[in-house]
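Structure record follows, encoded as structure tokens.
Here the structure is a predicted model, which means the values were calculated and not measured. In listed order, ligands and their atoms are each counted from 1.
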Amino acid sequence: MTKWMNKSISSLHDLLVKGKVTASELVEDCIQAIGKDRCNSFEATCFDKAREEAKKITSVKEEEYLKGIPFLAKDNFSTRGVETTGSSKILEGYVPLYDATAVSRLKRAGMILVAKTTMDELAMGGTGTTGHKGVTTNPYDKTRIVGGSSCGSAAAVSQGIAPLALGSDTGDSVRKPASYSQTVGYKATWGRISRFGLFPFATSLDAVGFFTRNVKDAAYVLSALAGHDTMDMSSSYRKKERYQNYVLEHRTLKRVGYFKSVLEAMKDETIKEAYLDLLHSLSEKGYEVIQYDYPEALLDALYPTYMILSCAESTSNNANLDGIRFGPKAKGECKTYEEYMTRARTDGFSDMIKRRFVIGGFSLLSANQSEMFNRAQRARRLIVDEMNKFFDSIDYLVLPASYDKPKKIGELSTAWSTKPDFLDNILTIGNFGGYPSLTLPLGVEDGLPFGISITGRIFEDGYVLSMGNEIESIVKRKDIIAKEVK
Ligand code: GLN
């Protein structure tokens with residue numbers, strides 16, 4: 001157990017302001033905790049640089065909320081001078097020349113980067129088992145997954161290794177592992193946080209996200225990250241806000257919605273009971289709890305639509321990984337560019353990535369485009385239109401963030417489901433519409449955690465966080481740390 005790193009940002013901030021701890025002590029504590037990681041959560045580290053930065057911090061003022069506090073970043077955030085691989089063989093040894101904007105903004109706020117975290121290869125996946133360093137396990141049970149793709153970030157915050165870790169969320173990659181690791185996982189409105197320097201997976205769905213130990217911390221972090229960036233023309237010009245004020249002033253909206261078909265499809269009794277209990281508590285607190293009949297056909301369309309669109313975008317986004325521009329050279333002699341590139345990609349990507357590129361390439365072929373890619377685009381439109389209709393009369397969608405225990409590593413199958421359960425893919429709604437979405441702890445079943453998710457209208461990040469804070473106080477699980485592995 002570490003001395004400091006299992007605390008929240010807010011507690012550490014208080015200690016720094018009062019001079020009870022120094023940034024250097026925090027960084028040392030974080031480095032030690034990384035040494036004791038039980039889950040295979042880490043890629044490259046930057047201990048020397050972190051120590052150097054910490055030394056420069058001699059005092060912290062009340063308003064310098066994040067200053068002097070260590071953080072981690074998923075390995076798909078470019079970090080200047082620190083190897084960044086996206087947990088893929090194809091990028092081993094690649095050292096970026098610049099920081100992603102999310103990283104540089106945290107540094108600008110005085111935070112200290114200590115290490116990079118493992119992920120599913122190139123962020124494609126939800127198990128945390130496909131990165132080049134192997135499986136990242138669940139802090140609560142080492143025989144189970146912690147979920148992905150932001151597996152290392154979730155496992156690290158859950159173990160009390162750092163109070164903040166950056167992640168990315170294209171389908172549910174922050175919010176699902178948060179549910180499995182008893183952490184708070186936030187995905188901001190699309191365009192609210194610059195994606196500059198974040199390796200693109202599916203641009204129209206990708207969002208910067210992060211893990212913290214409580215909702216108030218998440219609001220402060222968002223305030224540091226939000227705002228337009230001239231390096232990302234898709235980042236919003238909308239004025240950024242002080243998101244923490246929504247939380248501190250308890251500014252919530254009043255109408256909470258849930259989907260009838262979700263409730264009917266839920267099988268796990270413990271999760272269902274905790275969910276119904278929460279909805280009941282919300283109504284007792286004066287919130288209007290409303291059932292919504294979201295069409296099941298659209299819920300069934302979530303997975304195929306996500307797969308076609310994300311694979312298509314990812315095939316195109318990753319075309320630059322050709323073994324020439326970045327990463328290790330292809331082995332052996334090659335006569336042509338095509339031969340070289342084919343070898344580099346054959347050796348550099350795992351089967352899972354290749355499968356996704358085949359789907360992406362196939363759906364983008366001009367002969368298939370209207371049947372596959374364009375059709376998926378139309379399905380996305382319908383999914384989002386229906387969600388916007390929901391938001392015409394309801395302020396929040398509150399759903400369980402996971403519907404089952406995290407899977408046993410030995411029971412994972414690489415076969416793709418032909419009859420996917422919509423419950424497994426429901427958080428992708430947040431990415432299709434670009435909505436702000438938050439996961440926070442709801443309960444524990446047989447020693448394994450599960451979370452609750454809250455989704456709101458675009459750019460209502462403050463209201464989503466404030467509702468998160470409200471639910472957090474109902475669930476009464478602040479400053480949560482994983483227990484020792486069984
Ligand atoms: N599980 C989803 C996938 O396999 C989500 C990935 C993500 O959000 N990066 O693509």
Side-chain angles (χ1 to χ4, degrees), residues 73-77 86-88 102 117-131 136 145-154 165-181 185-188 190 193 195 198-211 302-318 349-360 363 376 380 401-404 406-407 412-417 420-439 451 453 455:
K74 184 175 177 178
D75 207 33
N76 55 354
F77 284 87
S87 288
S88 178
T117 56
T118 51
M119 52 189 275
D120 274 301
E121 185 175 3
L122 300 172
M124 291 178 229
T127 57
T129 61
T130 65
T136 300
I145 60 166
V146 68
S149 62
S150 312
C151 49
S153 289
L166 287 174
S168 63
D169 191 309
T170 305
D172 53 19
S173 272
V174 165
R175 293 164 293 150
K176 189 72 93 54
S179 181
Y180 289 149
S181 62
Y186 190 61
K187 174 196 100 63
W190 189 87
I193 304 176
R195 285 178 293 107
L198 168 67
F199 294 175
F201 163 9
T203 316
S204 76
L205 304 164
D206 290 346
V208 170
F210 46 84
F211 297 84
L302 291 173
Y303 181 72
T305 305
Y306 173 79
M307 274 330 258
I308 296 297
L309 294 180
S310 68
C311 290
E313 290 192 39
S314 130
T315 306
S316 149
N317 274 330
N318 287 297
F349 295 130
S350 71
D351 286 352
M352 184 271 302
I353 298 288
K354 288 173 195 159
R355 279 211 243 174
R356 292 203 184 204
F357 288 169
V358 168
I359 295 182
S363 68
R380 177 180 187 172
S402 58
Y403 292 82
D404 215 343
K407 287 204 169 53
L412 290 171
S413 146
T414 51
W416 283 3
S417 167
D421 186 346
F422 67 73
L423 295 179
D424 277 340
N425 302 290
I426 204 151
L427 299 183
T428 55
I429 288 180
N431 305 75
F432 285 136
Y435 307 117
S437 191
L438 173 74
T439 290
S453 95
T455 303

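- Evaluation of the side-chain contact (heavy atoms from CB on, under 4.5 Å) rule for Ala178 yields Thr183, Phe211, Thr439 as partners, not counting sequence neighbours.
- With sequence neighbours excluded, no residue satisfies salt bridge (Lys or Arg N to Asp or Glu O under 4.0 Å) with Lys74.
- Protein residues lining ligand 1, listed by chain and number: Ala123, Gly125, Gly126, Ser149, Asp169, Thr170, Gly171, Asp172, Ser173, Phe201, Tyr306, Arg356 [non-hydrogen atoms, distance under 4.0 Å].
- Residues satisfying the side-chain hydrogen bond (donor to acceptor under 3.5 Å, both in side chains) test with Thr203, not counting sequence neighbours, are Asn317.
- Using modelled atom types, one finds a donor on one side chain and an acceptor on the other under 3.5 Å when comparing Arg175 with Ser437.
- For the atom pair OG of Ser168 and CG of Asp75, the computed distance is 11.0 Å after rounding to the nearest 0.5 Å.
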From CA spacing to verdict: side-chain contact (heavy atoms from CB on, under 4.5 Å), Tyr306, Asn431: CA-CA 9 Å; Tyr306 173 79; Asn431 305 75; 5.8 Å; no

